[in-house]
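Shown next, in structure tokens, is the structure this report addresses.
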There are 2 protein chains.
Amino acid sequence: MEDIVAQVMRQWERIHPELDVTPIAVIGRLNRCVLLLQQATDAPLREHGLTRPEFDILGTLRRLDRELTPSQIARETFASGAAVTKRVRFLEERELVSRRPDDRDRRVSHLALTEQGRLLIDRLLPEQLGYEGALLEAMAPERQGELADLLGELLLLLEGRLGVRQP
Amino acid sequence: MEDIVAQVMRQWERIHPELDVTPIAVIGRLNRCVLLLQQATDAPLREHGLTRPEFDILGTLRRLDRELTPSQIARETFASGAAVTKRVRFLEERELVSRRPDDRDRRVSHLALTEQGRLLIDRLLPEQLGYEGALLEAMAPERQGELADLLGELLLLLEGRLGVRQP
DNA sequence: ACCTGGTGTTTTATCTGTAAAATATATGGT
DNA sequence: ACCATATATTTTACAGATAAAACACCAGGT
């Protein structure tokens, strides 16, 4: 059976037989998989009143297990500073994250999970991982492993080529 | 060398050793790859004054090589009706797409590429594919093939599981 | 002490996308 | 013919994102 991207590729080949459409096989499928996965995995978060990027901020603070400045959060979550400002404001209002001024540099603040925030992320993460695992479970673990390896190879290549600096 | 998602996984394992974080190996990498690829591949389109979803509408009309109604475009491009309305309005203003009423059903309109629109997509598509191919070229063609196959397997699985109807 | 340039963060203006309501029309049963 | 229901599309109201400007502060040179 053929997935939808294969159909699209055949349509293009009919119109432009001279064109090499193989990039679509990888990039088109990546886009489509991510769209479907995002729709599926964002839904449970919304029920807890969180967007994916807000969840990512809580997760970043938890997994690094220390205070972070807004800029560090922006770098870790690949978001703009402005976006972080808004998300952190929301998380502060919900008392999931707290802010402390820096001693030396008064431009800087340090953000940390509140007790409530830590409890929430520790409850949500296993739930979220379970849900994600369930989406993948129809794929054999070895196949998942191969896929993960190939994606890692691609990611490393893209990070290099597109000039990403690590925080 | 380790990609950034592998680092994130190790951080989580340190915090929650009991948790199975393998879904991140696939889903985290997918998200990150797509973000990087989108940033890279949207840039050339912007120079032509098009967003990715607008480009997708032109591409859909071209590859199906016939008129489409707004609803059909919405289904083909996985967009909401409202989004299609806006994008088509913009494309009509730029005279890349034209609209014709249906003979039988006055709710329906039929959209087609204008001469200008066809010329634009026929110029942009090879350019875009070339750019995408260049991003992938550091990966051996056989590896790309394996990756495409695994993504196809995943996509088919997700389309089945998440209940997608084909247009 | 006072600039100058740089950095960290927030604000502003603007754009895009969506859900839900509104509009217009079609279809089938009575 | 009329009504109820369904469908195609657009409009509206609003949420979220970004780029650019604004703001606040620091650090080094003079």
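Just so it is clear, the model here is predicted, and its values are computed rather than measured.
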Integer-rounded Å distance: [N] [atom2] and [X] [atom1]:
X: A:Arg75; N: C:dT7; atom1: CZ; atom2: P; result: 11 Å
X: A:Arg52; N: D:dA17; atom1: CZ; atom2: C1'; result: 17 Å
X: A:Leu45; N: D:dG16; atom1: CG; atom2: P; result: 14 Å
X: A:Gln38; N: C:dT18; atom1: CD; atom2: P; result: 12 Å
X: A:Gln39; N: C:dA19; atom1: CD; atom2: C1'; result: 14 Å
X: A:Arg46; N: D:dA15; atom1: CZ; atom2: P; result: 11 Å

Point-to-point distance, once rounded to the nearest 0.5 Å, from OG1 of B:Thr51 to CD of B:Glu54: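 The distance works out to 3.0 Å.
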
CD (A:Glu13) with more than 12 external heavy atoms under 6.0 Å: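 Yes, CD of A:Glu13 has more than 12 neighbouring heavy atoms, counting only those of other groups under 6.0 Å.
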
Mind checking what makes side-chain hydrogen bond (donor to acceptor under 3.5 Å, both in side chains) contact with [X], not counting sequence neighbours?
X: A:Arg107; answer: A:Asp105
X: B:Arg10; answer: B:Glu2
X: A:Gln39; answer: none
X: B:Ser109; answer: B:Arg99

Taking every non-hydrogen atom, the tightest pair across B:Gln144 and B:Leu136: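 Scanning both residues, the minimum pair turns out to be NE2-O, 3.1 Å.
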
DNA chain D contacts made by residues 80-93 of chain B, counting heavy atoms under 4.0 Å: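 Only B:Gly81, B:Ala82, B:Thr85, B:Arg89 qualify.
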
Interface with DNA chain D, restricted to residues 96-111 of chain A and to heavy atoms under 4.0 Å: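 Per residue number, the list reads A:Arg104, A:Asp105, A:Arg106, A:Arg107.
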
Distance-only donor-acceptor check, side chains B:Arg87 and B:Thr77, under 3.5 Å: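 No.
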
